[in-house]
Number of protein chains: 2
Amino acid sequence: MSAANLLQVPEEHLFGSDNLPYGLFSTEVESRRRLGVRFGDAVLDLGGAASALGSPHAEVLNGDSLGPLLASGLTVWREVRAELRGWLRPDAGEEIHDRLLPLLRPLAEVELHLPFEVADYVDFYASEHHATNVGRLFRPDGEPLTPNWKHLPIGYHGRAGTVVVSGTDVVRPNGQRKAPTEEVPSFGPSRRLDIEAEVGFVVGTPTRLGQSVPQSQFREHVFGVCLLNDWSARDIQGWEYVPLGPFLGKSFATSVSAWVTPLDALDAARTSPPARTHALLPYLDDSGDEVEQAGLDLRITVTLNGDVVAEPPFAAMYWTAAQQLAHMTVNGASLRTGDLFASGTVSGPEKHQRGCLLELTWGGREPLQLPFGQRAFLENGDEVTLTAWAPAANGRRLGLGEVTGRIVGGA
Amino acid sequence: MSAANLLQVPEEHLFGSDNLPYGLFSTEVESRRRLGVRFGDAVLDLGGAASALGSPHAEVLNGDSLGPLLASGLTVWREVRAELRGWLRPDAGEEIHDRLLPLLRPLAEVELHLPFEVADYVDFYASEHHATNVGRLFRPDGEPLTPNWKHLPIGYHGRAGTVVVSGTDVVRPNGQRKAPTEEVPSFGPSRRLDIEAEVGFVVGTPTRLGQSVPQSQFREHVFGVCLLNDWSARDIQGWEYVPLGPFLGKSFATSVSAWVTPLDALDAARTSPPARTHALLPYLDDSGDEVEQAGLDLRITVTLNGDVVAEPPFAAMYWTAAQQLAHMTVNGASLRTGDLFASGTVSGPEKHQRGCLLELTWGGREPLQLPFGQRAFLENGDEVTLTAWAPAANGRRLGLGEVTGRIVGGA
C-alpha cells in the first residue's frame, strides 16, 4: 500500500474518522514512544501532526504518554478530537493532507505500548448474569447473589503494576490451591487458568481527597474505554478469597487493549441499562434525565486460538460506569489521572454470551469442544483475543481494537 | 537551641546515629521538597550534604523524592547509610561538621511530605489475635479463622492514591451501611470509624513480571519500614465486603509516618515469629537458617487525644514481612519501586494490646472510658497518633516516628 492510500479510509471502516482511538507507539527506526491516533490501518503521529499543523494543544500531544492529554480535561479532549476530525476529513485540503502523510505509519510497522501509567486499578462485578453464575459455582449452598449485590456495585482494588498491553505473554501463575475434597493445600502452576472479558474505563481529570463525583459529572472525569482481560487463576482464587477478596488469583497479569477509545466516539452506542429491580440510594439512582442512557451497547467477541467461544453483550451490564465512579468516590476517595476501573466480567443471559471459561464450561465440568481439542481451562500456548465493536452513526460500526495474550509456562 | 547543638545528639536519643530514617521536607523559605535524614531533633538536607561532602551518591540524594534512592538497591542503601553514619559521628572532624551544620533544620521548622510515590499498596492480615477477634465479631456463627489463614498470609490490594502523610486530616467517609437488623441500607457519614495500627514495608528494588522473591531475598528488595494507620469505616466495610473484600470501607485514607526507617537500623530488633502450628509449603517455610529471626520486635503505642489506648506488640505477628513478600510474588506478580505492603492490624494476646477500636471496644459494645469521655468509635475532632520504638544495640531504643491524623466532618 502506498503512503498516499493511508489517508483514504472508507466510511465503513471500523477505524474511520468517527472513531479515532489513542495509543502509544514506536517503530523499529524511531524507538522513542509517541502518542498516536489510529486511522484506518495506520497510526498518525499526533505530536508530529500537532507541530506540523500548529495545534494549540501540541504540548499535551508531544510526550511519551497519554497522561498529559488525560489530565487536560474535557474541553481539551473535545478540542483535540475536533481538530483531528477536521484534519482527517477527505475535504480537509491537500496542504493539510500533504503534511499528515509523512506522519502516518502502517499498523504493521509499529509496536504498540501501554498507553498510560495505571494509577489505581479497580475491578467491579457488574454483570448480574456473571455474578449469579459465579455465586452458584463458588457458593453452591447459598443464594447466588449476596444481599448487597443489587444495592451497590461491588468492586475491589487490583494490582496496577501488572496491567500489561495487549500482546504481552501471560506467564501461568504458581500458587496455593486446595479443592474442597483435599485435606491440605498444594503448590504449583494453576490448573484452572481463565479469562475475564471486560471493558475498562480510563480516568482523566483527577479529584481532591474528600470530593465525590456524582453520576452527572461522569463525562468530566472519564476519558475513554479500553478492552480488558482480567486473567484469573480460579483454583488460587477459590482457596484465598475468603474473607478479604481476590489477590494472587488475579494479580499476576491484567491485559488491556493498546487503543483507548474516547467516550465522545461512543455517543451512538449509549443505551439504557437493564431495569432496576431494587430501589437505589440517591447517589446511585439513574432514573433521572441527567444520567439516562448511561449503558453502552458494546458487542464483545472472545476467541480462543482463533475460534469464537463467546459473544458477551456489554449492554446487559446491570451497573453502569457512571454508577461505579459515583460509588468509588462517594466515600471521598480521590481520583488520579490514569486510574483504571473495569466493569467485571461481561456475561449475558445466554450460554454463548458468558465472558469467562468458568461460566462457559460450568466450573470445568462441561469442557468446550473446539476444532483443536477440548478446553475446560487454558493450556500453555493458548492464545485468547477479545475484540469489540460499537454501533456508530448511520448504521456504521466502530472498532474497539483488541486485547490478546498467549499463555506461557512458568520458570 | 543554637545550630551547633543540633549535631550533639545524646546516645540515648530515639533518633541518634543508629537510626537515621529518611523523609522528604521543605521549609517556609525553601519550598522545594528535598530528601532529608532525621538526626536528633533536626533534619539534615541530604542532597546538600552529599554535594558539600562529595558523596558518590549525590545523584540519588538530590531529588524531590525518596524514589531514586529506593531504586538504587541494597549496596547503595548500605553505602549511603555508612557514609551518613561517618559524617554524623562525634569524631567525624570539625571540617565535616562545619559543612553539615548549615544543612541542618530544626524539626519544628520543617514541613514533612509523603516521602515516596506509592506504586501498589497491599494490606495483609497477619496477626492471629486480630484475625481471631475480627472473625468472632464479623462472623459470630462460624470459625473465627478461615481455613486458609494458617496456610497463607491473607492480603488484598488497597488504594495507593489515598495514602497520605502523617498530619493529614481524615475526612469522615460517607457510604452505605446496613446493620443485620435493618431491612435496607441507608446512606450517610460512617458511624463506626476506626483505626488500624500497622507497620508498612517499602519496596525498593523492582522485579520483572514472572519473577518471584523467595524469603531469603527479602533484604534485597525491601528498603525499610514506616508506621501506618489503615483508617477503616466498619459499618461500610461490614455491608460491602462479601464476596470481594474491603473496598470503600478502607479506600478513603491510609496514613503513613513521614519517616522511613531502613531495615539496616533494625538488626537488633530481629526476633523469631510465633511458633507455627501448621506445616507450611516450602516457599513460606521459615524454619531454616536463612530466614530465621524474620520477625521484628517493634513496640507500638496508640494514643487517642493524647491518652494511651493500646500498646500492640509487632513481635506477636504470625506472618513475617518476608513471608508476605514471598507470597505476594509467588504467582509472578512484579514489584515496582514504591510498592508499599502493610502488616495488617497489630494485635497482641492481651486486651490492651489490640490495634483497633473494633477489638478494643468489642464491636462498640464496651466503649473505652477516657478522661475526655467515652469512645466506641472515633468522633469528629478526635486525633489518633501511633508511635513505636525498637530495641537497638547496648539496650538503647530507636524511634520509628509517628503517624497522626485528626477526624474532620465531611462536606
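So that the names make sense, note that chain A is the first sequence line, chain B the second, and so on, each numbered from 1.
Of all non-hydrogen atoms in B:Ala333 and A:Thr162, the two that sit nearest each other are CA-CG2, 4.0 Å.
A salt bridge (Lys or Arg N to Asp or Glu O under 4.0 Å) check over residues 125-148 of chain B, counting only residues at least two apart or in different chains, returns the pairs B:Glu128-B:Lys150.
Using modelled atom types and a 3.5 Å distance limit, the side chains of A:Glu240 and B:Tyr156 yield no donor-acceptor pair. A donor-acceptor contact under 3.5 angstrom links the side chains of B:Ser251 and A:Asn331, judged on distance only.
Distance alone, capped at 3.5 Å, places no donor-acceptor pair between the B:Asn174 side chain and the A:Gly332 backbone.
Annotation: maximal heavy-atom pairing with chain A below 4.5 Å, among B:Leu209, B:Val408, B:Val242, occurs at B:Val242. With chain A as the partner, the residue from B:Pro147, B:Ser212, B:Ser190, B:Pro282 showing the most heavy-atom pairs under 4.5 Å is B:Pro147. When each of B:Tyr121, B:Tyr283, B:Trp149, B:Tyr125 is scored by its heavy-atom pairs under 4.5 Å with chain A, the top score falls to B:Tyr283. Between chain A and the options B:Phe138, B:Tyr241, B:Phe187, heavy-atom pairs under 4.5 Å are most frequent for B:Phe187. The candidate from B:Gly175, B:Ala253, B:Ala119, B:Gly155 with the greatest count of non-hydrogen atom pairs under 4.5 Å with chain A is B:Gly155.
Interface residue B:Leu152: backbone and side-chain heavy atoms are both found under 4.5 Å from chain A. Residue A:Val164 touches chain B through its side chain alone, counting heavy-atom pairs closer than 4.5 Å.
Ring orientation note: the planes of A:Phe247 and B:Phe124 are nearly perpendicular, at an angle over 60° on the 30°/60° scale.
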